[in-house]
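Order of appearance sets the numbers: ligands from 1, and atoms from 1 within every ligand.
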Amino acid sequence: MSDPTSDPAETAVVEPGAESTYDGTDETTLLDRVQAPGGEGREILDAATREVIGRAPVHTVADLNDAIARAKAAQPGWERLGHQQRSAALELAADAVDANAEALARLLSREQGKPLNGPNARFEIGACSAWLRTAAATTLDPEVVVDDGETHAELIYRAVGVVGAIGPWNWPLMIGIWQIAPALRMGNAIVIKPSEHTPLSVLALLSVMNQVLPPDVLTGVSGDREGGARLASHPDVDKIMFTGSTATGRKIIEASAENLARLTLELGGNDAGIVLPGTDPKAIAQDLFWGAFINTGQTCAALKRLYVHDSVYDQVVSELALVAEQSPMGNGLDENNVLGPLQNPQQFDVVSRLVEDAKANGGRIVTGGAPASDLGELFYPITIVADVVDGVALVDEEQFGPALPIIRYSDVEDAIASANRLDLGLGASVWSSDRDEARKVAARIEAGTVWINSHGGVHPMIPFGGVKASGYGLEFGVEGLKAVAVPQVING
Ligand code: TXE
């Protein structure tokens, strides 16, 4: 940890307000910059066509150790640059992302599966740029905690040091930026290990950003679970930011017993939505649909089980089915599509198993219900399963895919109890034409965020994080900056 008050000019690399001069490139050039050379590395498949897109480098333990050592060496100089300079660098990084947006979106679309259009690949790249710019513009000022004439004590926030980031495959670039932007903004160096399912698009994003950042403050290492475990337990890593499964989150907590790394854990959820009586089904159908099926359901804070009051149940089910019919699924590069495949065979199997189980346990298939093999190996259609109850696996387990169970209730108290009965609490939503009533219900739900008449929308200044087994620590805004900083009291 270096002195944040020292002269920033001595290591300046970026002029505040400097204009970006970086031209965009095409997808193939971008890919060639990051993939393993000459047939080395691991094949990465297009999620829609299952053709080989490219080859991911397989970084070794020595590569990881080297990246962390270089990050550790580069961090003090980066921190010494000062807030203004680092913010200027993040602005330039955002410019570079914007200049390469289409190439990044196309690569992301192929590797992850999400279409270019809809709230998908282009949207994700736009979010990367927005989060970078917001982090650049956000300040974390010293807080005076006592000033009574005798004592003057302030809390200041300094960089943690080296941040290790471990990412998932569902929103690989956006979630990567959620980790990178605040970490860099606060003067940390960061080493990121993308999911083994989506390494190329993340490495491409880093290569774009590294056109403007000083060396070694942002490094990607491509590896699998082992690589993640090594990063999490490395003695020179001071903070781990992780988005993934609860099971892996527990392992990261165990690893932190050794290196005492501070943790931010976003461990997914099984978000409930409650539609209250008196709600207009037509008015909410679009937002309900996208709350559940954004990124074909592969979203941490998506609506994953929907509780609907008996008085509007049938209409809500049929309105949702109508939106499903109007939402084309297919290859992401086709401009018409707004829904894509599952990203990987494991997730495809989870969704198939849960839908079959729901059918066997009284679930009524309203739409979908069997693989869309005509579209490709990993396509599963939007599947709405009515008349299921708590206890059925599709309700109780995270499906992380395009299958939504809809549960009927007649007493709001029962719906609240159902929402709270699982050991997860990332998000939830309440749907009603009576905002006051909705807020009363929202306050009783155990979740990090409760949306009213929408689900899953995130904003770079609104804190986001889970409770219970959905993890701990907040991301975004001022709270997000605090999470990648260490507080220090200056007393006197
Ligand atoms: O997650 P993992 P997977 C849920 C979703 C999905 C399930 C499994 O339900 O079906 O998790 O997905 C790295 N130490 N979510 O297998 O295994 C791994 O290499 C350190 C919800 O992809 O948790 C990858 O980079 N790191 C979630 C990352 O952890 C380790 C998004 C995530 O992998 C590691 C993704 C270890 N011991 C899946 N083991 C959300 N919060 O939205 C693995 N990794």
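The contact set between ligand 1 and Thr243, taken as ligand atoms under 4.0 Å from a residue heavy atom, comprises 40 (C), 41 (N). Under a 4.0 Å criterion applied to the non-hydrogen atoms of Asp224, ligand 1 contributes the atoms 19 (O). Ligand-side atoms of ligand 1 in range of Lys251: 37 (N), range being under 4.0 angstrom from any heavy atom. The Ile166 neighbourhood of ligand 1 comprises atoms 13 (C), 20 (C), 25 (O), 26 (N), 28 (C), 29 (O), with distances under 4.0 Å to a heavy atom of that residue. Residue-ligand proximity, Trp169 to ligand 1, at heavy-atom distances under 4.0 Å covers atoms 3 (P), 12 (O), 22 (O). Those atoms of ligand 1 with a heavy atom of Pro168 less than 4.0 angstrom away are 31 (C), 35 (C).
Nearest protein heavy-atom neighbour of atom 41 (N) of ligand 1: Gly268 N, 3.0 Å. Of the protein's non-hydrogen atoms, the one nearest atom 9 (O) of ligand 1 is Glu398 OE1, 2.6 Å. Residue, atom and distance of the protein heavy atom nearest to atom 24 (C) of ligand 1 are Gly167 O, 3.3 Å. For atom 23 (O) of ligand 1, the closest non-hydrogen atom of the protein is Ser245 OG, 2.6 Å. The nearest protein atom to atom 29 (O) of ligand 1, hydrogens excluded, is given as Phe242 CE1, 3.2 Å; this is a heavy-atom distance. Counting protein heavy atoms only, atom 20 (C) of ligand 1 is closest to Gly228 C, 3.1 Å. Nearest protein heavy-atom neighbour of atom 30 (C) of ligand 1: Thr248 CG2, 3.3 Å.
Trp431 and Ser429 share a donor-acceptor pair across their side chains, judged by distance under 3.5 Å alone. In this structure, a donor-acceptor pair under 3.5 Å is absent between the side chains of Tyr409 and Asp390. A donor and an acceptor atom, one from each side chain of Asp63 and Thr60, are located under 3.5 Å apart. With 3.5 Å as the limit, one finds no donor-acceptor pair spanning the side chains of Ser201 and Thr198.
Only the side chain of Asn170 comes within 4.0 Å of ligand 1, judged by heavy-atom distances. At a heavy-atom cutoff of 4.0 Å, ligand 1 is contacted by the backbone of Leu267 but not by its side chain. In Gln347, the part holding a heavy atom less than 4.0 Å from any atom of ligand 1 is the side chain.
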Trace of the salt bridge (charged side-chain N to carboxylate O under 4.0 Å, His left out) decision for Glu356 with Arg353:
CA-CA 5 Å; Glu356 288 309 313; Arg353 168 177 65 81; over 6 Å; no
Criterion salt bridge (charged side-chain N to carboxylate O under 4.0 Å, His left out) on Asp46 and Arg110, from CA distance to verdict
CA-CA 5 Å; Asp46 181 312; Arg110 296 181 66 203; 3.3 Å; yes
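Using modelled atom types, one side-chain atom of Lys239 and one backbone atom of Ala483 make a donor-acceptor pair closer than 3.5 Å.
In plain terms, the two heavy atoms of Asp423 and Ala469 that are nearest each other are O-CB, 2.9 Å. Across all non-hydrogen atoms, the minimal contact from Ser233 to Ala255 is CB-CB, 4.0 Å.
Using a 4.5 Å heavy-atom cutoff, the side chains of Val458 and Glu475 are not in contact.
When the heavy-atom distances from atom 16 (O) of ligand 1 to Gln343, Arg225, Glu196 are ranked, the shortest goes to Arg225. Closest to atom 14 (N) of ligand 1 by heavy atom, among Gly466, Ala229, Cys300, is Ala229.
Partner of Arg106 under the salt bridge (Lys or Arg N to Asp or Glu O under 4.0 Å) criterion, out of Glu124, Glu27, Glu111: Glu27 alone.
For Phe476 and Phe464, the distance between ring centers is under 6.0 angstrom.
In this structure, Trp171 falls outside the shell of residues with a heavy atom less than 4.0 angstrom from ligand 1.
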